[in-house]
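Below is one structure, written out as structure tokens; the observations come after it.
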Amino acid sequence: MKITGIQTKNFLGAREVDLKLTKPVCLVVGPNGSGKSSLHEAVRQALTGESVRVHLKKDYQKLVTDGAEVGYAVVDHDGERSAITLPNGTNEHTGDGRPPAAIAFCLDAQRFARLDANERRQFLFGLMGLQTDGPSVTARLAAKGCDPAKIEQIAPFLRSGFDAAHKESQARARDAKASWRAITGETYGSTKAITWRAPKPPTRKQAMQSARAEIAILSQQISDGTSAVGEMQGRAKAQAEQSARLAGLRERAGKYARIADNLRRDEAELKEWQAKVEQEEGKMARANKPVGPTYTCPSCAATLRHHNGALVVFHQQQDAVAPSDAQEKLREYRNARDVLHRSVENDRRDLASADSAAKALAEIESSGAEPAPAPEEIAAAAAGVAATKKELAAMESKLKELEADERLAEQADRRTEAAQRHHCDVAQWESVADALAPSGIPGELLSEALGPINERLARSSSIADWLRVGIQADMTIAADGGRPYALLSESEKWRADAMIAEAIAHLSGIRVLTLDRFDVLDLKGREDLLYWLDELADTGDIDTALVTGTLKGLPARLPERIEAHWIENGLVAKIREAA
């Protein structure tokens, strides 16, 4: 930023200033209370809209020169204009708008020293364009080889800062270690975890295959043996049933001769009784002829007879007359005949049954059927099946043991896999935690932020021949020998602040610097200051440097790139140069 003009009206002690800057370095000097610091404050407030002297906008009236009601400050720079109006505090900028935020540190050299450690760190990160937001940090985590899933899980915690994300990563690493202990039952150790394996019984897959094959063979033998025993028992039962049947057939067949003899006797006797019945029936028929003549009805051909002077139908049993003892005798003969008839029928049936039995017996005996196995043979076969079943049970028990070992081995493998997974989680979370630790990404960012500014401070210290100043990792400002800023003398603090402000002006690209009260320096210190500023102007590292302080007169023999102006009673005027 190149400042070309400064105008003030009733701005504190700078009652009316119209200053044109023609050289990169401008000294504004004068006696105490002449308005030098007021001019410095006017430039700062016109460019930033902020006041160092008052903190509340309602107090801006105090910035107006006593006796006046309004005031203003205008700064012309880079073909643009920035202005502050008092007491309303209206801050206006033409052109591209408000200057960058870092300009406040260039216009107020002590501002950086007033920040706390966190504020300094955040400012330097911003100054160097270092992003600490989630996407930037997660990109750095990925570049370090951290696990993508873990990066995604930790990303939300980055909103709360590195410390919160670092602690969360450590907590998750501890949780993974606890999970590892729960799986293994042992205390976690990173070296131990690499080679840890769950103990497991030896697996005998070949033995299991052999056992299963043997079980299949024995099962088939049992099935075959059981079927054979059943077939033998069936044959024995069938033979026993057949033996019983043969005995019955022999008994029935053995009765054939006797039944045939009985049949002959019964048939002969039946004939005799049949003859007797026929004989008696003939007698009865003759005895049952009607008394008197009979007639045949011309209509129905029924036999008619006279009875009580009328023709009636002749009924042999009702109308015939026969002796009662003859009828009784005929009934007895008939009964005897019927009994013998039934006896003959039974004899014939029994004879046929005996004949059928004889034929069946002859057929069976001629068939030559295989003899049934002996009971001892069946018992031996059943004992063989029982022995095979015992052998099968023993083999199945052995297989169960082998399978149990196999399951234990599989469970051990799963435990090993789970332990390795948790160990991997521990390693990955510790990797994330290490990356988010102060010595990790924050340290890298800090190094990236501190490196350039400390290099610039070292260069200024060398050029100006001043004490060496640096910003430490804990954001403290220290000088030669590690002396902290708080222990520096007033002039040492002023020089340290000036070099820090210039470094910020250089690194931000603003290239503007305002330094008040340079009279705190001794004569050599002032000479060193002018030499340093002239070098900066010569190299183009500074566009404008406005330096104010108390002197008795304008300095003589200034370098070509430095001009000086005298201010007194709030007005800029030319006076004679100091001797």
Would you confirm whether [X], through its side chain, and [Y], through its main-chain N or O, come within 3.5 Å as a donor-acceptor pair?
X	Y	result
T94	R81	yes
T539	E535	yes
S447	G443	no
S460	L457	no
S223	S219	no
T416	A412	yes
T544	I3	yes
S462	A458	no
D78	E80	no
Q220	I217	no

Residues [X] and [Y] bridged, charged N to O under 4.0 Å:
X	Y	answer
R456	E502	yes
E406	R204	no
R235	E231	yes
R526	D519	no
E410	R415	no
K524	D465	yes
R483	E492	yes
D480	R468	no
D543	R511	yes
R44	D516	no

Candidate pair L445 and F162, rule side chain to side chain contact (heavy atoms under 4.5 Å, CB included), full reasoning: CA-CA 11 Å; L445 290 170; F162 282 111; 3.6 Å; yes

Any side-chain heavy-atom pair from [X] and [Y] closer than 4.5 angstrom?
X	Y	result
T187	W180	no
K57	Y60	yes
L521	D528	no
F518	L533	no
E527	L530	no
I471	T476	no
E152	P148	no
T90	I84	no

What I want to check is whether the side chains of [X] and [Y] have a donor and an acceptor closer together than 3.5 Å.
X	Y	value
H40	T514	yes
Q122	N118	no
R495	S491	yes
E41	S51	yes

Mutual orientation of the aromatic rings belonging to Y188 and H423 [parallel < 30°, tilted 30-60°, perpendicular > 60°]: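 Geometry flag for H423 against Y188: tilted rings.
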
Test applied, side-chain hydrogen bond (donor to acceptor under 3.5 Å, both in side chains); reference residue, E430; option that passes from K177, R172, R174: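 Running side-chain hydrogen bond (donor to acceptor under 3.5 Å, both in side chains) over K177, R172, R174 with E430 returns exactly one hit, K177.
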
Please name the pair of heavy atoms, one in [X] and one in [Y], separated by the smallest distance, quoted to 0.1 Å.
X	Y	answer
D425	A176	CB-CB, 3.8 Å
W532	A464	CB-CB, 3.8 Å
I378	A236	CD1-CB, 3.8 Å
M128	E448	CG-O, 4.0 Å
K200	L408	CB-O, 4.5 Å
A73	A46	O-CB, 3.7 Å

Within a 6.0 Å radius of atom [atom1] on [X], are there more than 12 heavy atoms belonging to other residues, nucleotides or ligands?
X	atom1	value
R245	CZ	no
Y485	OH	yes
K167	NZ	no

Listed pairs under 3.5 Å, donor-acceptor, residues 386-405 side chains, sequence neighbours left out:
unit_1, atom_1, unit_2, atom_2, d
T388, OG1, G384, O, 2.9
E403, OE2, R212, NH2, 3.2

Set of residues satisfying ring pair (Phe, Tyr, Trp, His ring centres under 6.0 Å) with respect to W429, sequence neighbours excluded: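 Ring pair (Phe, Tyr, Trp, His ring centres under 6.0 Å) list for W429, sorted by chain: empty.
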
Worked check of salt bridge (charged side-chain N to carboxylate O under 4.0 Å, His left out) between R114 and D108: CA-CA 10 Å; R114 290 196 299 267; D108 179 8; 2.4 Å; yes

Roughly how far, to the nearest 0.5 Å, is [atom2] of [Y] from [atom1] of [X]?
X	Y	atom1	atom2	value
D541	L513	CG	CG	12.0 Å
L47	N91	CG	CG	8.5 Å
I510	L107	CD1	CG	8.0 Å
M499	I477	CE	CD1	10.5 Å
I504	I453	CD1	CD1	5.0 Å
L436	L158	CG	CG	6.0 Å

Residues R140, E444; criterion salt bridge (charged side-chain N to carboxylate O under 4.0 Å, His left out); working and verdict: CA-CA 10 Å; R140 287 178 178 259; E444 294 173 359; 3.7 Å; yes

Worked check of side chain to side chain contact (heavy atoms under 4.5 Å, CB included) between V229 and V385: CA-CA 9 Å; V229 170; V385 171; 4.1 Å; yes

Candidate pair I154 and E168, rule side chain to side chain contact (heavy atoms under 4.5 Å, CB included), full reasoning: CA-CA 8 Å; I154 205 62; E168 179 64 20; 3.6 Å; yes

H506 vs R459, side chain to side chain contact (heavy atoms under 4.5 Å, CB included): CA-CA, chis, key distance, verdict: CA-CA 12 Å; H506 173 76; R459 180 178 183 277; over 6 Å; no

